[in-house]
4 protein chains.
Amino acid sequence: MYAPQGVKTNANMAVPDTMRAWVLGDPGELRFTQKPVPAPRRAEVLVRIDAVAICATDLEVIAHGTPALVDGGLPFNKSWTPGHEYMGTIAALGPGVDEFSIGDRVTVEIHAGCGQCKRCRMGMYTSCLNYGDTRKGHRANGFTTDGGFAEYAVNNINTLIPIADSMSDAEATLVVTAGTAMYGLTELGGLIAGESLVVMGPGPIGLLGVAVAKALGAAPVFLTGTRQARLDKGLALGADHIVNVTQEDAVETVRRLNGGKGVDYVLECSGASDAINAAGRMLNRGGKLCLAAFPHEPVLVDVAHLVRNNIYVYGIRGEGRSATHRAEAFMRAKRFDARTIHTHTFALEELPQALRYARDRIEDAIKVVVKTR
Amino acid sequence: MYAPQGVKTNANMAVPDTMRAWVLGDPGELRFTQKPVPAPRRAEVLVRIDAVAICATDLEVIAHGTPALVDGGLPFNKSWTPGHEYMGTIAALGPGVDEFSIGDRVTVEIHAGCGQCKRCRMGMYTSCLNYGDTRKGHRANGFTTDGGFAEYAVNNINTLIPIADSMSDAEATLVVTAGTAMYGLTELGGLIAGESLVVMGPGPIGLLGVAVAKALGAAPVFLTGTRQARLDKGLALGADHIVNVTQEDAVETVRRLNGGKGVDYVLECSGASDAINAAGRMLNRGGKLCLAAFPHEPVLVDVAHLVRNNIYVYGIRGEGRSATHRAEAFMRAKRFDARTIHTHTFALEELPQALRYARDRIEDAIKVVVKTR
Amino acid sequence: MYAPQGVKTNANMAVPDTMRAWVLGDPGELRFTQKPVPAPRRAEVLVRIDAVAICATDLEVIAHGTPALVDGGLPFNKSWTPGHEYMGTIAALGPGVDEFSIGDRVTVEIHAGCGQCKRCRMGMYTSCLNYGDTRKGHRANGFTTDGGFAEYAVNNINTLIPIADSMSDAEATLVVTAGTAMYGLTELGGLIAGESLVVMGPGPIGLLGVAVAKALGAAPVFLTGTRQARLDKGLALGADHIVNVTQEDAVETVRRLNGGKGVDYVLECSGASDAINAAGRMLNRGGKLCLAAFPHEPVLVDVAHLVRNNIYVYGIRGEGRSATHRAEAFMRAKRFDARTIHTHTFALEELPQALRYARDRIEDAIKVVVKTR
Amino acid sequence: MYAPQGVKTNANMAVPDTMRAWVLGDPGELRFTQKPVPAPRRAEVLVRIDAVAICATDLEVIAHGTPALVDGGLPFNKSWTPGHEYMGTIAALGPGVDEFSIGDRVTVEIHAGCGQCKRCRMGMYTSCLNYGDTRKGHRANGFTTDGGFAEYAVNNINTLIPIADSMSDAEATLVVTAGTAMYGLTELGGLIAGESLVVMGPGPIGLLGVAVAKALGAAPVFLTGTRQARLDKGLALGADHIVNVTQEDAVETVRRLNGGKGVDYVLECSGASDAINAAGRMLNRGGKLCLAAFPHEPVLVDVAHLVRNNIYVYGIRGEGRSATHRAEAFMRAKRFDARTIHTHTFALEELPQALRYARDRIEDAIKVVVKTR
């Protein structure tokens with residue numbers, strides 16, 4: 001019976017000793033197995049996972065690993081569980097935790113900073129200088145610590161976002177995606193009502209980027225991309241204009257539709273190799289560019305254009321600055337319907353099939369959600 | 001006799017009708033000629049130029065032109081006067097100006113925003129959306145309006161910085177260079193006492209960047225470059241460490257000397273083609289990079305590294321955010337001796353020779369100053 | 001015929017030489033008279049006023065004057081026209097203006113900074129150091145320059161906000177009220193989605209403060225006040241909780257309803273003598289307080305409480321930081337219905353009656369609008 | 001022998017089991033006794049105290065208590081040790097600490113936030129919402145946890161500032177005082193080179209406020225107060241002007257000496273009952289006021305003046321935003337000589353006498369330091 005020392009449990013929410021979990025073997029190989037249910041420490045809770053969404057980064061991590069694991073090695077064959085976009089119900093409380101109760105429904109963000117480095121001390125917990133060092137308290141679940149393709153996970157309370165009763169499990173898995181877009185807009189200045197914005201790339205972050213930007217009052221909001229079906233989702237989420245770059249020159253079209261002027265902000269979510277240069281030419285003097293995606297190889301960048309035009313570029317990886325809470329607030333208030341991008345659902349034991357749908361975009365899959373119960 | 005309507009003059013400071021001025025003919029050709037002394041308008045003054053420094057950008061503008069002139073053409077054969085790093089004495093006041101008096105010694109910054117576009121309205125006057133539009137009041141002397149290789153120039157009062165009596169004419173020409181470095185550090189966060197910083201490139205902005213950063217308390221401050229004599233000037237201006245990249249790997253050396261860690265900030269003033277990538281590898285997670293120089297051709301950039309490490313990049317061209325005033329305050333308080341970088345002096349009529357010294361770095365020239373009187 | 005030099009007019013929108021206008025005589029005395037239609041200068045336009053709302057400050061200015069008029073005197077018996085919450089149609093363009101066209105519908109904000117003082121230079125145009133100095137270009141229409149209880153007014157283009165076709169004249173007069181609330185929230189940090197907020201005082205700014213805060217995602221939003229009918233309007237505009245302070249202890253009720261904790265922000269719009277102290281006790285450690293209203297006499301303040309709790313207090317008078325544009329964007333997007341607070345309409349010639357309704361809150365008047373045509 | 005579980009010690013720096021410490025009995029009563037040496041936990045170290053300065057707040061806490069102790073009671077008769085301005089040598093490391101080594105000389109700041117509340121999460125650790133809750137990890141040594149009038153204390157690593165070898169023990173005790181002034185200037189905007197500033201009150205924070213402001217380049221800097229000897233210390237620390245308010249009207253004098261204009265910033269360190277109103281009248285429109293002291297009783301405040309002039313007021317208690325590190329960097333660089341304010345030294349056993357000197361300002365005492373070894 002699950003009863004780690006100092007951990008508070010509740011008879012109404014029995015926790016088993018072991019759980020079903022997917023673990024990573026060799027690159028690309030996932031194995032469904034039994035693992036011990038982990039124990040929360042100080043400032044941590046145990047979350048019973050109810051649903052988990054698949055992110056493109058999960059596919060990468062499973063295939064190629066992540067360099068940031070604390071022991072310096074790749075994450076293969078270590079009984080390690082990937083998955084980071086999950087939500088669930090609090091099942092046990094670490095020592096001293098009274099901020100949450102057993103039974104609370106929560107969704108999660110990924111990064112728990114160590115809380116004691118210079119970056120954390122200034123509120124930049126996603127840039128924690130002890131990244132990957134679990135001894136210092138850093139966690140990035142699904143990256144450097146066990147993630148959500150399992151029945152249970154431990155989370156620092158800093159990474160928990162309470163969710164509305166009216167929000168379904170599947171919708172709640174999308175909060176961190178919206179939160180990433182919100183973080184980008186936060187770092188770009190935040191006060192974007194009435195400002196013009198281009199979102200490049202109609203993947204999940206880009207699509208919810210459109211939704212969040214409209215919730216914040218941005219206008220006009222442009223969405224550029226290559227897949228018409230996804231661009232149409234962007235329209236449904238509030239984009240004022242969509243630009244199919246297979247048919248039009250994006251820079252020229254954006255400037256023309258914006259009254260012959262550049263825009264104030266670009267949120268780049270495509271990772272395309274020429275995205276930075278195109279963004280630079282879409283922006284006005286003094287404009288700002290957030291990179292929420294990136295090409296894997298170095299690319300030719302017209303740096304002179306950025307400097308001459310006083311353009312600032314913000315590279316972000318994941319969420320930050322408590323933006324996930326702001327995204328949840330908008331979703332709770334029904335300011336946009338993130339469920340639009342949820343296309344497919346599978347059971348936990350069907351994870352390999354779910355990953356295949358996500359990777360190969362089978363049946364135009366955008367966001368694939370795995371229901372754990 | 002000089003008496004434009006509405007302009008206030010003073011018998012103690014007689015202004016002639018015409019003046020000696022260098023004007024640009026064909027690319028690379030300067031001609032010394034007589035021109036009418038211009039008349040200041042509302043919120044403008046006439047400055048009698050006492051000294052003017054040569055910037056690398058002047059060499060470029062003279063050889064290749066600047067694309068931003070308001071009539072859309074190149075600046076050649078239009079009786080246009082280049083030069084932007086000048087100082088002098090106020091000789092006449094435009095209508096309604098009472099912020100300054102005739103006889104006041106001032107140095108100048110380059111950009112007068114229009115004051116009525118969205119960027120100016122938010123204090124970003126160097127990103128004025130009416131850049132180059134003199135009808136809207138925008139001026140960038142020496143770029144889009146007449147500059148300082150002459151005896152007189154008109155300046156918007158926004159571009160004037162009063163200087164201390166104890167500051168020589170030559171030293172005062174260096175304020176805008178220090179102000180550009182200060183602007184970079186301002187945009188990087190400003191509060192850099194005790195923070196680690198790398199300055200790349202020991203040109204005038206880089207050298208004064210070291211000086212300003214030390215005045216602000218940054219520590220340690222690294223200076224990287226290829227020319228030992230200039231690196232030694234950096235030491236004299238307060239650099240804690242200099243790194244000659246012809247002899248050492250800059251990234252490795254910086255990280256080693258910084259206790260095995262990345263630094264917090266990089267101020268890139270070299271324009272070298274691999275500078276952004278090197279800067280990215282010098283920086284810690286969450287670090288910031290200011291680009292005050294740029295390569296002329298697109299360069300391969302490891303964008304993934306910037307995004308994965310949450311690095312923000314600030315492209316700046318010239319000064320901004322009233323940073324020139326802050327730089328002058330430090331110089332006035334003798335917090336650093338900018339005169340260290342002033343190596344050669346010529347008379348106005350010797351401008352071509354002065355430009356040659358600056359361009360070819362004759363006798364290790366760093367900052368060449370032209371004395372107008 | 002109206003044809004000031006350098007001013008552009010249009011045959012489709014004939015402008016007379018004189019206009020009907022209310023002017024201030026002795027304190028409290030308004031006279032309906034004919035005045036010349038004024039001429040716009042550089043960066044200014046002539047606005048044909050279509051509607052103007054009455055603000056409590058108008059009542060004060062008419063009764064007691066405003067100390068800030070440029071000639072140092074009170075505004076009485078100077079043929080001066082009050083009124084600052086107006087909207088209309090552009091009827092003529094000053095020299096060089098091409099940002100707007102004749103016929104454009106616009107609403108206005110009040111403050112045009114001089115554009116050349118230190119505060120304007122940093123984007124704080126409502127804190128212009130040349131406040132009241134029309135020679136420097138400063139204008140605060142209805143305060144230091146002629147206002148909107150007339151058929152025409154001159155406006156700096158910085159003070160114009162284009163409005164949607166779908167917005168009625170009356171609704172457009174409310175933009176600056178919403179913009180003032182938005183400015184307060186902007187200075188408090190801006191990113192308030194999911195943060196808790198108390199608005200004190202259900203006057204026009206307070207009520208639209210609730211609406212703007214909800215549009216920005218704040219939750220929960222409390223509204224406190226004494227008049228139940230107005231509190232009910234606050235509910236309609238989205239307040240999560242209303243607190244009638246004649247029936248409940250506001251501090252205790254707010255803390256109880258907020259889960260026993262203090263709130264993050266207070267927007268004080270009541271001007272009540274104990275408002276600051278109550279706000280201080282509603283706030284959590286590190287909370288922020290914006291004062292958009294004030295008691296006329298000095299009041300006892302528990303400064304120790306503010307200091308011990310690291311509370312920051314922002315005094316604002318009127319709009320700023322381009323917040324009016326952000327407010328308009330939310331109104332254009334129908335994010336809230338400002339028309340809820342518009343209760344009465346009068347014709348221009350009925351201004352005294354309109355003022356009486358506003359002052360005495362006849363028939364529960366909240367916002368009284370005067371239609372000029 | 002001292003060997004708590006998981007704690008790392010070093011033979012070169014033997015730690016006894018018990019230590020000499022002053023503990024608080026009834027109000028105003030201190031008793032010199034033996035106490036166990038405490039054990040550091042995760043992210044904590046044991047500091048051997050080498051010197052500790054006396055702050056006016058210590059006198060208050062000893063006489064009247066502090067309301068913030070976690071058990072809700074007053075701190076009397078609980079074997080509790082006051083004192084918060086200390087420095088020393090690291091004597092033992094809590095589990096997992098490798099950021100510091102045994103033998104490192106450090107000075108301390110007071111507040112270790114919990115790291116997991118909303119304020120800490122955004123970098124506002126001195127406004128921690130779990131203030132006083134040691135179970136959550138919050139510590140405010142000398143306020144809510146044991147302080148420095150003893151031979152040893154436990155400190156969170158977040159509160160440690162490494163000091164230069166060249167800095168004496170006594171000088172190092174002054175870092176947190178300078179850091180409090182630096183925090184105030186940080187929150188006021190930070191970039192104050194060339195900006196005008198008034199410091200009110202020549203106590204330790206005010207005097208070092210002058211020094212830090214000059215190090216940051218502020219000019220002119222005014223210091224106001226009633227005691228000429230202290231004002232003269234301010235001159236020695238760099239004040240451009242001192243104003244003895246027993247002889248001159250401070251508001252009138254400051255404005256006259258500042259060219260007839262208000263100043264940009266006021267740092268209020270006097271706690272005088274009319275300080276806020278005087279500060280408001282010294283400031284220009286849009287100026288900022290930091291309250292680092294406060295009157296104990298509510299005072300009459302002219303709120304209308306603050307609101308009409310768009311003045312922002314920042315209440316701070318103690319240090320924050322890592323400002324102590326910035327202060328230490330300036331002291332390390334010998335940018336100012338904080339030792340000027342250190343007037344008297346006593347041994348640990350002489351604490352009562354030291355407190356008497358500080359309280360009664362015997363022999364013009366400013367900063368009294370207690371040497372523990």
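First the proteins, then the strands, lettered A, B, ... as listed; each starts at 1. Just so we're clear, the structure is a prediction, and the values are computed from it rather than from any experiment.
With rounding to the nearest 0.5 angstrom, the CG atom of A:Leu129 is 8.5 Å from the CZ atom of B:Arg285. The CG atom of A:Asn284 sits 9.0 Å away from atom SG of B:Cys117, with the distance rounded to the nearest 0.5 Å. Of the inter-residue distances, the one linking B:Leu289 atom CG with A:Tyr312 atom OH reads 12.0 Å to the nearest 0.5 angstrom.
Ranked by heavy-atom pairs under 4.5 Å with chain A, the first of B:Asn309, B:Ile276, B:Asn277, B:Ile316 is B:Ile316. With chain B as the partner, the residue from A:Ile311, A:Asn310, A:Leu291 showing the most heavy-atom pairs under 4.5 Å is A:Asn310.
Listed in order of number, the residues of residues 298-306 of chain B that approach chain A to under 4.5 Å between heavy atoms are B:Pro298, B:Val299, B:Leu300, B:Val301, B:Asp302, B:Val303, B:Ala304, B:Leu306. Applying a 4.5 Å heavy-atom cutoff, the residues of residues 178-187 of chain A that approach chain B are A:Tyr183, A:Glu187.
Interface remark: B:Asp264 contributes backbone and side-chain atoms alike to the contact with chain A (heavy atom separation under 4.5 Å). If you measure heavy-atom distances from B:Cys290 to chain A, you find no contacts under 4.5 Å at all.
Residues A:Glu195 and B:Lys118 form a side-chain contact, since some pair of their non-hydrogen atoms from C-beta on lies under 4.5 Å apart.
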